[in-house]
Amino acid sequence: MSRYTDRFTALLDACVLGGALRRNMLLSLAEAGLFRPRWSSRILDETQKAIAQIIKGATDGSRQRAAIEAAFPEAMVTGYEIFEDRLALPDPDDNHVLAAAIATSASVIVTDNLADFPFAVLDAHAIQAISADDFIADTIELDPSEAILALRRMRERFKNPALDVAALIHKSEAQGLLQVGSMLPERSKDHDDFERTAGRAAERLQTA
């Protein structure tokens with residue numbers, strides 16, 4: 001287990017789990033032990049609907065939801081409903097998200113709908129709302145070697161089409177992950193450095 005996971009919990013909102021790139025990056029970093037992901041069944045309901053909308057009905061999102069739940073069975077937050085009626089977010093439909101964050105003692109809510117989670121409301125619960133771009137960038141900075149290895153493994157899972165480093169940078173920037181894109185290597189020499197660094201990280205893990 002990572003040395004970070006016992007003190008850093010993040011509640012992931014449906015808007016950052018719906019899109020494939022954000023979802024894969026976040027869950028790859030979580031799989032590497034860089035943070036503990038949390039969500040509720042209601043958040044996954046919304047995620048499933050978002051996936052279906054993004055891919056225009058090609059699937060109902062149930063396969064992706066099942067994969068998320070299977071990969072992180074400990075991430076499901078329950079019992080959060082008791083907090084909902086005490087909360088007053090601009091949109092009452094978002095209260096369940098903050099309630100789940102409170103119930104699981106999350107440090108942050110990762111969401112791209114920052115306006116829906118005002119500082120004044122969240123600060124009373126010692127919770128911060130942060131965008132996916134900021135959160136992923138912060139997580140990379142937390143442990144660059146571990147994060148690079150996690151993103152390399154994620155990238156290698158893409159087969160049709162394959163995703164090289166340049167394509168990952170382009171895809172990140174095109175989808176608004178500008179900080180993340182700027183933290184990944186661009187020049188061919190940097191690509192080699194990226195792979196060597198990830199390889200050394202893998203060797204350390206194997207011998208640890």
message: Whether the side chain of Thr104 engages the backbone of Ala106 through a donor-acceptor N/O pair (distance < 3.5 Å, no angle test) should be reported.
response: no
message: I need the Leu89 CG to Asn95 CG distance, nearest 0.5 Å.
response: 4.5 Å
field: Side chain to side chain, Trp39 and Ile68, heavy atoms closer than 4.5 Å
entry: yes
query: Of the non-hydrogen atoms in Phe8 and Leu34, which two are nearest, and what is the gap between them?
result: CD2-O, 4.0 Å
- prompt: With a 4.5 Å limit on heavy-atom distance, are the side chains of Pro90 and Asp116 in contact?
  reply: no
task: Would you indicate whether the side-chain heavy atoms of Leu142 and Phe35 approach each other to under 4.5 Å?
output: no
- prompt: How close do Thr111 and Ala129 get, heavy atom to heavy atom, and via which atoms?
  reply: CG2-CB, 4.3 Å
statement: In this structure, CG of Leu29 is separated from CG of Leu149 (nearest 0.5 Å) by 10.5 Å
- prompt: What distance do Leu168 atom CG and Arg152 atom CZ have between them, rounded to the nearest 0.5 Å?
  reply: 13.5 Å
task: Show your working on side chain to side chain contact (heavy atoms under 4.5 Å, CB included) between Ile130 and Asp138 and close with a plain yes or no.
output: CA-CA 10 Å; Ile130 184 171; Asp138 288 350; 3.5 Å; yes
- prompt: Nearest 0.5 Å, what's the NZ-CZ distance between Lys171 and Arg155?
  reply: 13.5 Å
message: Whether the side chain of Asp112 engages the backbone of Ala132 through a donor-acceptor N/O pair (distance < 3.5 Å, no angle test) should be reported.
response: yes
message: Any non-hydrogen side-chain atom of Thr9 less than 4.5 Å from a side-chain atom of Ser105?
response: no
task: Answer yes or no: is there a side-chain heavy-atom contact under 4.5 Å between Asn24 and Phe158?
output: yes
task: Kindly compute the distance separating OG (Ser107) from CG (Leu11), expressed to the nearest 0.5 Å.
output: 11.0 Å
- prompt: Where is the tightest heavy-atom contact between Glu46 and Ala14, given as atom of each residue plus distance?
  reply: CB-CB, 3.6 Å
statement: Scanning both residues in full, the closest heavy-atom pair of Ser131 with Leu114 reads N-CD2, 3.8 Å
task: For residues Ser41 and Leu44, determine if any side-chain heavy atom of one lies less than 4.5 Å from a side-chain heavy atom of the other.
output: no
Pairs of donor and acceptor atoms involving the side chains of residues 70-87, under 3.5 Å and at least two apart or interchain, shall be tabulated with distances.
| residue | atom | partner | partner atom | Å |
| --- | --- | --- | --- | --- |
| Arg86 | NE | Ile82 | O | 3.4 |

- request: Spell out, as yes or no, whether a donor-acceptor pair under 3.5 Å connects the side chain of Asp13 to the backbone of Ile109.
  value: no
field: Set of residues satisfying side chain to side chain contact (heavy atoms under 4.5 Å, CB included) with respect to Asp45, sequence neighbours excluded
entry: Arg65
message: If we ignore hydrogens and angles and just use 3.5 Å, is the side chain of Asp123 paired with the main-chain N or O of Phe119 as donor and acceptor?
response: no
- prompt: Hey, is the main chain of Leu17 close enough, under 3.5 Å, to the side chain of Arg23 for a donor-acceptor pair?
  reply: yes
message: Ignoring hydrogens, what is the shortest heavy-atom contact between Ser28 and Ala150? Give both atom names and the distance.
response: O-CB, 3.6 Å
- request: Starting at CZ of Phe135, measure out to CD of Gln128 and round the result to the nearest 0.5 Å.
  value: 10.5 Å
- line: Scanning both residues in full, the closest heavy-atom pair of Leu12 with Ile43 reads O-CG2, 3.4 Å
task: State whether the side chain of Arg22 and the backbone N or O of Leu177 hold a donor-acceptor pair below 3.5 Å, judged by distance alone.
output: no
Test side chain to side chain contact (heavy atoms under 4.5 Å, CB included) applied to Met154 and Glu31, step by step: CA-CA 10 Å; Met154 178 205 77; Glu31 185 180 37; over 6 Å; no
